[in-house]
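Some notes on the structure that comes next.
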Amino acid sequence: MKTNGILVLQSDFGLVDGAVAAMTGVALSVDPSLRVYNLTHEIPPYDTFEASYRLLQAVPYWPEGTVFVSVVDPGVGSKRKSVVARTGRGQLIVSPDNGTLTHIDRVIGIEEVREIEESVGRRRDSEHSWTFHGRDVYAYTGALLASGKLQLEDIGPSFDPKDIIRLEGKKAVLEGNAITGTIETLDVRFGSLWTDISRKLFEKLNVKVHEQVDVSIYRGKTRVYHSFVTYGHTFAEVEIGEPLLYVNSMDHIGLAINQGNFAKAYNIGTRDPWVIRLEKR
């Protein structure tokens, strides 16, 4: 496939030291004409679920031929595979095979996966370092692909996309007039709760805009929040400080406070053991 000279980087490295700059430098050393962008480097350390989710948040909106490098790699240097995946929309993702590809595979689809042979995809004279594959393998391989200096079929052996590692998780369930789901992640800066309840599933409750929904949030078996919350299109449809159910940018149901931070206000976390229940009044 033909790449377009765009390389997008994601990691859990943060920006407080030189790790991200080193990755960028390696990429530009391969080809100074590459356009290198950052998706995010604020993934919580070791959180492969969050890495997977944030890829889905961004990848669909980039052009065909874009190459992504995602490095959230608690198993760095171990026997876990380093791979390049081709999505159903013609983009490439360079990543450890540790669950990071889960959301992309589920929603967009992965059509081809190849394991990186380090004889091809490792930066010269880096073979004695085992703890910075983000720089020495992933950024380097991504740059070779994005620049067109290396083709996908030359990366290494292919294997069945069905064999990639996937993160396990519960699915939102509709029972009668109620949906039970999971708080998958946060709209981080604003503290809104983003659930795994899709708009299409929520519509089966036949809730109309401006109607109220009976909302409960549980930490395990303990209910930590309960209220009747307005369902609306925009935050401004409720008063400042009031909660709102809405369809977020991922086409799933979110729960927010207008000009507030829901997660901080009620000390709400994400994923197991956090459960949300929406019931039609």
Side-chain angles (χ1 to χ4, degrees), residues 10-14 39-60 68 70-76 80 93 95-108 110 164-175 178-202 213-227 229 243-257 260-279:
Q10 170 175 275
S11 75
D12 58 353
F13 297 156
L39 194 162
T40 180
H41 296 289
E42 300 300 328
I43 301 293
Y46 320 119
D47 193 339
T48 54
F49 183 98
E50 191 76 3
S52 174
Y53 193 97
R54 298 306 172 187
L55 281 176
L56 180 61
Q57 187 179 7
V59 168
F68 294 83
S70 181
V71 191
V72 178
D73 194 11
V76 61
R80 60 92 184 92
I93 302 175
S95 170
D97 180 26
N98 60 5
T100 294
L101 299 171
T102 299
H103 284 83
I104 292 292
D105 181 52
R106 183 186 303 158
V107 178
I108 297 176
I110 291 175
I164 63 171
I165 292 175
R166 293 170 177 81
L167 300 171
E168 296 182 359
K170 298 178 181 178
K171 292 184 178 180
V173 176
L174 171 66
E175 293 180 332
I179 298 174
T180 302
T182 300
I183 301 166
E184 283 199 307
T185 190
L186 303 179
D187 185 356
V188 179
R189 186 169 178 83
F190 301 103
S192 303
L193 313 183
W194 284 11
T195 76
D196 66 343
I197 301 171
S198 69
R199 172 182 53 82
K200 290 182 178 180
L201 182 61
F202 180 75
V213 178
D214 188 340
V215 178
S216 294
I217 297 174
Y218 297 85
R219 191 178 191 273
K221 295 182 179 180
T222 303
R223 186 163 71 174
V224 298
Y225 176 84
H226 176 250
S227 186
V229 179
L244 177 81
L245 280 173
Y246 67 104
V247 178
N248 68 14
S249 60
M250 303 293 285
D251 205 29
H252 281 62
I253 297 300
L255 179 57
I257 293 175
N261 187 309
F262 200 105
K264 287 184 177 179
Y266 297 101
N267 196 27
I268 304 296
T270 60
R271 304 194 290 277
D272 188 42
W274 294 94
V275 173
I276 186 168
R277 187 174 187 272
L278 309 180
E279 184 173 2

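Quick caveat, the model's predicted, so the values are computed rather than measured.
- Shortest non-hydrogen contact noted between Ala256 and Ser192 is CB-OG, 3.3 Å.
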Side chain to side chain contact (heavy atoms under 4.5 Å, CB included) assessment of Arg199 paired with Val247: CA-CA 7 Å; Arg199 172 182 53 82; Val247 178; 4.1 Å; yes

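- Residues meeting the side-chain contact (heavy atoms from CB on, under 4.5 Å) test with Asp97, sequence neighbours left out: Lys81, Val83, Phe159, Ile164, Ile165.
- Scored by the salt bridge (charged side-chain N to carboxylate O under 4.0 Å, His left out) test, Glu184 finds no partners at all (sequence neighbours excluded).
- Taking the side-chain hydrogen bond (donor to acceptor under 3.5 Å, both in side chains) definition, one finds that His252 meets it with nothing, sequence neighbours left out.
- Counting heavy-atom neighbours within 6.0 Å of Asp251 CG, excluding the residue itself, gives a total above 12.
- Using a 4.5 Å cut-off on side-chain heavy atoms (C-beta onward), Pro44 and Phe49 make no contact.
- Scanning both residues, Val72 and Thr48, for their nearest heavy atoms gives O-CG2, 3.8 Å.
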Ser216/Arg277 under side chain to side chain donor-acceptor pair (under 3.5 Å): CA gap, chis, key distance, verdict: CA-CA 5 Å; Ser216 294; Arg277 187 174 187 272; 5.9 Å; no

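- Using a distance-only test at 3.5 Å, with no hydrogens or angles considered, no donor-acceptor pair links the side chain of Ser227 to the main chain of Val229.
- Atom CG of Asn98 is separated from atom OH of Tyr46 by 13.5 Å, given to the nearest 0.5 angstrom.
- In terms of the side-chain contact (heavy atoms from CB on, under 4.5 Å) criterion, residue partners of Arg219 (sequence neighbours excluded) are, by chain and number, Val224, Pro273, Trp274.
- Annotation: side-chain contact (heavy atoms from CB on, under 4.5 Å) contacts of Asn261 (sequence neighbours excluded): Ala263, Lys264.
- Side chain of Thr102 to backbone of Leu167: a donor-acceptor contact under 3.5 angstrom is found.
- By the salt bridge (charged side-chain N to carboxylate O under 4.0 Å, His left out) test, Arg166 pairs with Asp105, sequence neighbours left out.
- To the nearest 0.5 Å, atom CD of residue Gln57 and atom CD1 of residue Ile104 are 11.0 Å apart.
- Ser52 meets the side-chain hydrogen bond (donor to acceptor under 3.5 Å, both in side chains) test with His103; sequence neighbours excluded.
- Remark: the backbone N or O of Ile253 is paired with a side-chain donor or acceptor of Thr195 at under 3.5 angstrom.
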CA sep, side-chain torsions, deciding dist, call: Leu56, Arg106, side chain to side chain contact (heavy atoms under 4.5 Å, CB included): CA-CA 10 Å; Leu56 180 61; Arg106 183 186 303 158; over 6 Å; no

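- Every residue two or more places apart in sequence or in another chain that forms a side-chain contact (heavy atoms from CB on, under 4.5 Å) with Ala58 is listed here: Leu39, Trp62.
- Among the candidates Leu245, Leu244, Leu278, Ile268, the single residue satisfying the side-chain contact (heavy atoms from CB on, under 4.5 Å) test with Leu255 is Leu245.
- Annotation: the span from Asp272 atom CG to Thr182 atom OG1 amounts to 8.0 Å, rounded to 0.5 Å.
- Across every non-hydrogen atom of Trp194 and Ser249, the tightest pair is CH2-OG, 3.6 Å.
- Looking at Val188 and Arg54, their side chains come closer than 4.5 Å, going by heavy atoms from C-beta outward.
- Residues satisfying the salt bridge (charged side-chain N to carboxylate O under 4.0 Å, His left out) test with Arg271, not counting sequence neighbours, are Asp47, Glu50.
- In this structure Tyr218 satisfies the ring-ring contact (aromatic ring centres under 6.0 Å, His included) test with no other residue, sequence neighbours excluded.
- The two residues Ser70 and Gln10 come nearest to each other via the heavy atoms OG-NE2, 2.9 Å.
- Judged by distance alone, with hydrogens and angles left aside, the side-chain atoms of Asn248 form no donor-acceptor pair with the main-chain N or O of Leu193 at under 3.5 Å.
- Every residue two or more places apart in sequence or in another chain was checked for a salt bridge (charged side-chain N to carboxylate O under 4.0 Å, His left out) with Asp196, and none qualifies.
- Residues Ala172 and Ile179 come closest through the heavy atom pair CB-CG2, 4.3 Å.
- Tyr225 pairs by the ring-ring contact (aromatic ring centres under 6.0 Å, His included) definition with Phe262, Tyr266, not counting sequence neighbours.
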